[in-house]
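Labels below follow one simple rule: chain letters A, B, ... track the order of the sequence lines, proteins then strands, and each chain is numbered from 1. Worth saying up front: this structure is predicted, and the values here are computed from it rather than measured.
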2 protein chains.
Amino acid sequence: MKDEMKGFLSYLTLWNLRKQPMTGAELAKELEKRRGQKPSPGTIYPVLKELKEKGLISSDKEKRYSLTKKGEKEIIEACNHFCQIFYDVKEMKNCC
Amino acid sequence: MKDEMKGFLSYLTLWNLRKQPMTGAELAKELEKRRGQKPSPGTIYPVLKELKEKGLISSDKEKRYSLTKKGEKEIIEACNHFCQIFYDVKEMKNCC
DNA sequence: AGATGGGTATTGGGTAACCAATATTTAAAA
DNA sequence: TTTTAAATATTGGTTACCCAATACCCATCT
């Protein structure tokens with residue numbers, strides 16, 4: 001099973017920002033908690049840039065990123081998608 | 001958010017096979033339920049081939065795939081990984 | 001036997017996702 | 001002001017992932 005679990009980085013980024021704004025460094029720390037490995041700068045910042053260009057997040061003067069209205073809609077939609085794919089996620093929990 | 005939710009195909013394949021053996025066609029139907037779109041043959045069969053080569057699944061004469069012992073171990077491990085990444089998946093559920 | 005159709009499989013290629021390495025900015029210390 | 005360090009950002013290239021198109025196999029029907 002290769003390096004599965006890829007491809008969720010921008011999803012996880014929005015998800016992490018949904019409660020409180022964060023800097024890139026703080027985000028990296030959060031992602032390390034989840035994945036067990038800290039993403040490199042070349043991973044995290046392009047994602048932030050892309051999300052910003054799409055209008056899903058914005059940053060203040062302190063480089064602290066937060067969701068825009070559009071980003072809030074997006075994360076809800078993505079959650080729906082996620083929950084459809086993993087509708088039986090509870091069984092996965094029991095797996096652990 | 002591009003076409004996120006990619007990259008979990010082999011994970012989902014093992015997950016679907018964990019209870020009863022399935023043919024490629026049955027698997028495709030299952031995946032359609034989850035993702036809303038049926039994966040093309042060029043998607044599903046290379047995955048099955050790869051999983052077989054890795055000894056995670058095996059097939060009988062009727063082309064029905066099932067998990068090997070190794071595959072059973074693998075899906076448990078993958079579940080653990082998944083649950084670590086999405087440790088707050090419950091909140092996602094509430095999102096929907 | 002030949003034809004038809006559905007499942008199975010392969011091939012080739014395109015793109016998203018990611019990282020290592022490097023550069024730049026920022027801020028605080030000396 | 002210069003130095004140092006840490007965060008931020010960019011670039012280039014690699015790989016995983018997936019699909020469309022095509023081919024193959026194997027029933028079942030004619």
From C-beta outward on A:Ser40, which listed nucleotide comes closest to its side chain: C:dT8, D:dC19, C:dA20? C:dA20
Nearest whole Å is fine: how far is C:dG6 P from B:Ile44 CD1? 19 Å
Given A:Tyr65 and A:Leu48, is the side chain to side chain contact (heavy atoms under 4.5 Å, CB included) satisfied, shown in steps? CA-CA 8 Å; A:Tyr65 293 90; A:Leu48 287 171; 3.6 Å; yes
Within this structure, what is the CD-to-P distance between B:Glu53 and C:dA9, rounded to whole angstrom? 12 Å
Selection from D:dC18, C:dC18, D:dT10 that lies nearest to any side-chain heavy atom of B:Thr43: D:dC18
Toward the 5' end of DNA chain C, by each residue's nearest nucleotide, A:Lys61 or A:Pro46: A:Pro46
Out of D:dC18, D:dA7, C:dG7, which has the shortest distance to the side chain of B:Leu9? D:dC18
Rounding to a whole Å, what distance do you find between A:Glu62:CD and C:dA27:C1'? 13 Å
Rounded to the nearest Å, what distance is computed from the CZ atom of residue B:Phe8 to the P atom of nucleotide C:dA16? 18 Å
Whole-Å distance, B:Lys52 NZ to C:dT8 P, equals 12 Å
How many Å lie between NZ on B:Lys38 and P on C:dT8, as a whole number? 11 Å
Check every strand shown and say whether A:Gly24 touches a base, only sugar-phosphate, or nothing at a heavy-atom separation below 4.0 Å. sugar-phosphate
Residue pair A:Leu17 / A:Met22, side-chain heavy-atom distance below 4.5 Å: yes
Distance below 4.0 Å between B:Lys63 side-chain N/O and D:dC25 OP1 or OP2: no
Under 3.5 Å, is there a donor on one side chain and an acceptor on the other for B:Lys52 and B:Ser58? no
Separation of atom OH in A:Tyr45 from atom P in C:dT22, rounded to whole Å: 19 Å
For a quick test of reading the model: is some side-chain N or O of B:Tyr65 closer than 4.0 Å to OP1 or OP2 of C:dA9? yes
Parallel, tilted or perpendicular, as decided by the 30° and 60° cut-offs, for the rings of A:Phe8 and B:Phe8: perpendicular
Would you say the side chain of A:Ser66 lies within less than 4.5 Å of the side chain of A:Ile57, judging by non-hydrogen atoms? no
Without decimals, in angstroms, what is the distance between B:Lys49 NZ and D:dC18 P? 17 Å
Can you figure out which of D:dC19, C:dC19, D:dC18 approaches the side chain of A:Arg35 most closely? C:dC19
Give the nucleotide from the list D:dT11, C:dA9, C:dA21 with an atom nearest to the side chain of B:Pro41. C:dA9
